[in-house]
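Notes to accompany the following structure.
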Amino acid sequence: MEETIFTKIRDGKIPSVTLYKDEQCFVIMDINPIIKGHCLVIADKPYKNIGECPQSVLNHMMEVAKKMDAKLRDVLHCDGTNVMINNDPASGQEVPHLHIHVIPRYTNDGRKFGFAHDKYEEGEMVKLGERLCLG
Ligand code: AMP
């Protein structure tokens with residue numbers, strides 16, 4: 001597996017503020033936070049996306065993200081969090097090494113993610129829904 005900026009952090013080659021570490025993942029403070037306290041739950045191995053990541057590891061990472069959410073609420077008294085994964089470069093992923101962002105949010109903090117919205121033609125959503133059904 002390739003070296004990434006996060007494997008370098010994992011291996012202590014680049015400094016970080018590490019909040020947690022176990023065999024499957026580790027948590028660091030994001031160096032360029034959307035809001036202070038923004039942290040990253042990073043897979044120990046550099047899976048590029050959720051498809052490459054074993055389900056058990058992904059489940060564990062989400063458990064750790066849940067604990068980080070609780071910690072941020074407890075310590076920073078944030079009102080909510082964004083828990084999100086940029087999954088491959090097309091989605092905005094800059095570091096090709098699976099990680100979950102946990103970002104503290106406050107009521108009326110003024111941050112907007114700024115996605116433009118698409119619009120379905122008549123009947124298009126139902127048709128597409130039929131193709132996307134998980135069964
Ligand atoms: P993404 O765009 O989802 O790949 O997010 C990558 C995140 O990694 C960004 O929010 C960066 O600010 C963060 N990041 C990049 N380099 C470092 C670093 N050396 N230490 C901490 N966070 C970093």
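Order of appearance sets the numbers: ligands from 1, and atoms from 1 within every ligand.
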Rounded to the nearest 0.5 Å, what separates atom NZ in Lys67 from atom CG in Leu19? 13.5 Å
Assess Ser16 for proximity to ligand 1: is some non-hydrogen atom of it under 4.0 Å away? no
NE2 of His38 to CD1 of Ile103: how many Å apart, nearest 0.5 Å? 4.0 Å
Shortest protein heavy-atom distance from atom 19 (N) of ligand 1, along with the residue and atom involved: Ile9 CD1, 3.7 Å
Please name the pair of heavy atoms, one in Ile42 and one in His97, separated by the smallest distance, quoted to 0.1 Å. CG2-NE2, 3.5 Å
First locate atom OG1 of Thr81, then atom CG of Leu72, and finally report the distance between them rounded to the nearest 0.5 Å. 7.0 Å
Using a 4.0 Å cutoff against the non-hydrogen atoms of Asn32, which atoms of ligand 1 qualify? 12 (O)
Here the gap from Tyr120 atom OH to Leu128 atom CG, rounded to the nearest 0.5 Å, amounts to 5.0 Å
Distance-only donor-acceptor check, side chains Asn59 and Glu63, under 3.5 Å: no
Protein contact of atom 16 (N) of ligand 1 - nearest heavy atom, named by residue and atom, plus distance: Ile5 CD1, 3.9 Å
Closest to atom 22 (N) of ligand 1 among Ile31, Leu98, Thr4 (heavy-atom distance): Ile31
Can you find an N/O atom of Gly92 closer than 3.5 Å to an N/O atom of ligand 1? yes
Using a 4.0 Å cutoff against the non-hydrogen atoms of Phe6, which atoms of ligand 1 qualify? 8 (O)
Where is the nearest protein heavy atom to atom 6 (C) of ligand 1: which residue, which atom, and how far? His99 NE2, 3.5 Å
At the 4.0 Å heavy-atom cut-off, does His101 count as touching ligand 1? yes
Interatomic distance, Asp74 atom CG to Asp69 atom CG [nearest 0.5 angstrom]: 11.0 Å
For Ile85, which part has a heavy atom under 4.0 Å from ligand 1: side chain, backbone, both, or neither? neither
For ligand 1, indicate whether the residue Met29 contacts it via side chain, backbone, both or neither (heavy-atom separation under 4.0 Å). backbone
What I want to know is whether Glu94 and ligand 1 share at least one N or O pair that is separated by under 3.5 angstrom. yes
Hey, does the side chain of Arg111 reach the backbone of Ile35 with a donor-acceptor pair shorter than 3.5 angstrom? no
Please could you name the atoms of ligand 1 that Val95 approaches to less than 4.0 Å, counting only its heavy atoms? 4 (O), 6 (C)
Which distance, rounded to the nearest 0.5 Å, do you find between the CE of Met61 and the CZ of Phe26? 9.0 Å
From the candidates Asp30, Ile28, Asn86, the one that places a heavy atom nearest atom 9 (C) of ligand 1: Asp30
